[in-house]
Amino acid sequence: MAIISCPGCGKKVSDKAATCEHCGFMLSAHDSESLVRKSRLQRSQQLSRLVSQQMLAILLFIAGIGAFFYDWGNTGIGPWVPYIGGSVAAISFVWYLITRGRIYMLKKQR
């Protein structure tokens, strides 16, 4: 008896179980090869979503830095623009770091 990851929810279940006790995925209806394929597909999709989030965080960081330095030329659009730009840059940088860590952990699981 081995412990495998459920292709439906990703939680650990026994390979002898007929259904996943967490999400109800029918494990008995699939052979081991199709379960491995589904697990790899799920991991690949999750990695793709994380890379997309990472790119969005980078774009927000660049936009925040641009807004932070934009008003230093005294354009008069408002004294609050650098504060908002700096906040967006800081939040997106933290978001990038967290997403990068999640990508690292996902790749380490392989």
Side-chain angles (χ1 to χ4, degrees):
M1 181 169 107
I3 303 295
I4 60 171
S5 294
C6 173
C9 64
K11 295 185 180 178
K12 302 293 182 186
V13 294
S14 170
D15 65 341
K16 303 293 183 193
T19 61
C20 175
E21 58 195 37
H22 304 288
C23 67
F25 184 81
M26 297 291 293
L27 295 169
S28 61
H30 303 283
D31 60 348
S32 62
E33 290 179 13
S34 67
L35 290 176
V36 170
R37 271 195 313 268
K38 287 183 186 288
S39 178
R40 285 184 183 162
L41 178 64
Q42 182 184 17
R43 183 174 287 149
S44 174
Q45 289 172 341
Q46 185 178 10
L47 182 62
S48 177
R49 285 191 302 268
L50 287 174
V51 168
S52 296
Q53 287 180 14
Q54 178 181 346
M55 293 304 295
L56 182 60
I58 290 170
L59 287 173
L60 283 176
F61 177 76
I62 293 170
I65 292 295
F68 180 75
F69 288 113
Y70 179 73
D71 201 38
W72 278 24
N74 294 326
T75 58
I77 59 173
W80 44 269
V81 172
Y83 298 115
I84 291 176
S87 299
V88 167
I91 290 169
S92 61
F93 183 69
V94 170
W95 182 23
Y96 169 80
L97 291 177
I98 290 171
T99 305
R100 192 72 206 150
R102 291 177 62 196
I103 289 172
Y104 174 76
M105 295 301 290
L106 184 65
K107 287 184 176 183
K108 188 177 176 182
Q109 286 177 357
R110 289 184 183 182

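For the single chain, residues carry numbers from 1 onward in sequence order. All values reported here derive from a predicted model rather than from experimental measurement.
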Trainee: Under a 4.5 Å side-chain heavy-atom rule over Ile, Leu, Val, Met, Phe, Trp and Tyr, are Val88 and Leu59 clustered together?
Mentor: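 Unlinked, Val88 and Leu59 end up in two clusters.
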Trainee: Can you name the closest pair of heavy atoms from Ala89 and Ser92 and give their distance?
Mentor: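 Smallest interatomic distance, heavy atoms only, reads O-OG, 3.1 Å.
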Trainee: For the pair Ser44 (side chain) and Arg40 (backbone), establish whether a donor and an acceptor sit closer than 3.5 Å, ignoring hydrogens and angles.
Mentor: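 Checking the backbone N and O of Arg40 against the side chain of Ser44, no donor-acceptor pair under 3.5 Å is found.
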Trainee: Run Trp95 and Leu60 through side chain to side chain contact (heavy atoms under 4.5 Å, CB included) and show every step you take.
Mentor: CA-CA 10 Å; Trp95 182 23; Leu60 283 176; 3.7 Å; yes
Trainee: Checking Lys12 now: which residues fulfil side chain to side chain donor-acceptor pair (under 3.5 Å) with it, not counting sequence neighbours?
Mentor: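 Lys12 satisfies side chain to side chain donor-acceptor pair (under 3.5 Å) with Ser5 only.
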Trainee: Looking at CZ of Phe61 and CG of Leu56, how far apart are the two atoms once the value is rounded to the nearest 0.5 Å?
Mentor: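 CG of Leu56 is found 14.0 Å from CZ of Phe61.
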Trainee: As an exercise, state the distance from CD of Glu21 to NZ of Lys11, rounded to the nearest 0.5 Å.
Mentor: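 The NZ atom of Lys11 is 9.5 Å from CD of Glu21, to the nearest 0.5 Å.
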Trainee: Got a sec, which residues hit side-chain contact (heavy atoms from CB on, under 4.5 Å) with Tyr104, two or more places apart in sequence or on another chain?
Mentor: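 Only Lys108 meet the side-chain contact (heavy atoms from CB on, under 4.5 Å) criterion with Tyr104.
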Trainee: Check for me, please, whether Ile65 and Met55 land in the same ILVMFWY cluster - side-chain distances under 4.5 Å, paths through other members count.
Mentor: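 Yes, same cluster.
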Trainee: Please round to the nearest 0.5 Å and tell me the distance separating atom CZ of Arg100 and atom CD1 of Ile98.
Mentor: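 Going from the CZ atom of Arg100 to the CD1 atom of Ile98 covers 14.0 Å.
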Trainee: Roughly how far apart are Arg49 CZ and Ile103 CD1, rounded to 0.5 Å?
Mentor: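 Between Arg49 CZ and Ile103 CD1, I get 12.0 Å after rounding to 0.5 Å.
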Trainee: With clusters defined by side-chain heavy atoms of hydrophobic residues (ILVMFWY) lying less than 4.5 Å apart, directly or transitively, does Phe69 cluster with Phe93?
Mentor: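 Yes; Phe69 is reachable from Phe93 via cluster members.
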Trainee: Got a second to check how far Arg102's CZ is from Gln54's CD, nearest 0.5 Å?
Mentor: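 The CZ atom of Arg102 sits 11.5 Å away from the CD atom of Gln54.
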Trainee: For Leu106 versus Leu50, what's the shortest heavy-atom pair and its separation?
Mentor: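 Heavy-atom minimum between the residues: CD2-CD1, 4.3 Å.
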